[in-house]
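Down below is the structure, laid out as structure tokens.
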Amino acid sequence: MTTMNNRAAWIEGPSAQCETRPEPALVPWRLILLGAPGVGKGTQAELLHRRLRACHLSTGDVFRAAGTGADCNQSPAMKEALGYMRRGELVPDTTVWAMVRERKSCLKCSGGFILDGFPRTLTQAESLKELMDAEGLKLSAVVNYSLPFKEIVTRLGGRRTCEKCKAVYHITERPPKEEGQCDHCLGKLFQREDDRPESIKVRLETYERSTSPLIEFYRNQGVLVEVAAVGTPDDIFEDTFTQLEAKRVREVAYKVSAAQADRCE
Ligand code: ADP
């Protein structure tokens, strides 16, 4: 069984303490994963977390965790947010941003982060940029996963999630060793409410309209890495990892040659 950070500070909010903290990294990985619902961002985030140690921060997981808590513990804003989520619509920017800002210590964590499901609109991306600039945090890269919509629908229909550690499986593509049970923590696997066909359609349309403009936003900032989300999860992961490493090597080489040029002047 792999020991994973329980991400309590992210899932439950800043008053909770994470069970373990990722080792501080010399240069922490600070990543954003983009791509339509169902391209496998959650699966890749988990694989990236195992290799890079940075925490998997999913906004969807925060909403789902709040949804499983007692009704009386949910703020009016959270109750409203859960309604949007069930219909497959986006939660309003102000609610999402209040939730992320409250958890900014996770963005500042010396182990880095892998954001999954956030930002999802240009307004969210701009708020995040402002906060990161103010805190002196630099994005390592934004990975954009692409896949034809037909394939996405198949993936979403077969997706199962662990109710305890949130690990993601697929009934045929990535089945657990024991049916209905998580390989890592033995938690029960469930099908998400918003993976029903009518919600899937709304989510894909919303993605096209609100989230796909972020690809251009990050391309213009020179941080975009493009990955075709085809093949096995391990193939996609290797492609992602190779491209991320190559990007980092290029940046180090550029800094070294710039420093050498400075010395020669
Ligand atoms: P998906 O599989 O659709 O990528 P997520 O787990 O990221 O799912 O999110 C599930 C739902 O939570 C979304 O459909 C949306 O209702 C809500 N949500 C999560 N993150 C955001 C966000 N950044 N902005 C608005 N709504 C969000």
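These numbers come from a predicted model, not from an experiment. Whatever order the structure lists them in is the order used to number ligands and atoms, beginning at 1.
Contact annotation: for Val96 versus ligand 1, heavy atoms closer than 4.0 Å belong to the side chain alone. When heavy-atom distances to ligand 1 are checked against a 4.0 Å cut-off, Asp194 comes that close only through its side chain, counted from C-beta outward.
Atom 8 (O) of ligand 1 has its closest protein heavy atom at Arg192 NH2, 3.0 Å. Among protein heavy atoms, atom 11 (C) of ligand 1 sits closest to Met85 CG, 3.4 Å. Nearest to atom 26 (N) of ligand 1 among the protein's heavy atoms is Val91 N, 3.0 Å.
Heavy-atom contacts of Lys41 reach the following atoms of ligand 1: 4 (O) (cutoff under 4.0 Å). Per-residue contacts place Thr59 under 4.0 angstrom from the following atoms of ligand 1 (heavy atoms of the residue considered): 19 (C), 20 (N), 21 (C), 23 (N). Heavy-atom proximity to Arg203, at under 4.0 Å, picks out these atoms of ligand 1: 1 (P), 2 (O), 3 (O).
The closest heavy-atom contact to atom 24 (N) of ligand 1, among the options Glu89, Gln124, Arg87, Arg159, comes from Gln124. Taking only non-hydrogen atoms, the option from Glu193, Arg120, Arg64 nearest to atom 4 (O) of ligand 1 is Arg120. The heavy atom nearest to atom 18 (N) of ligand 1, out of those in Tyr207, Tyr84, Phe63, Phe118, is found in Phe63.
Using a distance-only test at 3.5 Å, with no hydrogens or angles considered, a donor-acceptor pair links the side chain of Arg174 to the main chain of Val168.
At a cut-off of 3.5 Å, with distance as the only test, no side-chain donor of Asp239 or Thr242 sits close to an acceptor on the other residue.
Looking at Pro37 next to ligand 1, no N or O pair under 3.5 Å apart turns up.
Both tests do not hold together for Arg250 against Tyr254: distance to the six-membered ring centre under 6.0 Å, angle to the ring axis within 45°. Both the sub-6.0 Å distance and the 45° axial angle are satisfied by Arg51 relative to the ring of Phe241.
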message: side chain to side chain contact (heavy atoms under 4.5 Å, CB included), that's the test. Do Val225 and Thr240 meet it? Break it down for me.
response: CA-CA 8 Å; Val225 166; Thr240 310; 5.8 Å; no

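To the nearest 0.5 angstrom, Glu198 atom CD is 10.5 Å from Asp194 atom CG. Arg53 contributes atom CZ, which lies 15.0 Å from atom CH2 of Trp29 (distance to the nearest 0.5 angstrom). Expressed to the nearest 0.5 Å, how far OG1 of Thr121 lies from CD of Glu126 amounts to 8.5 Å.
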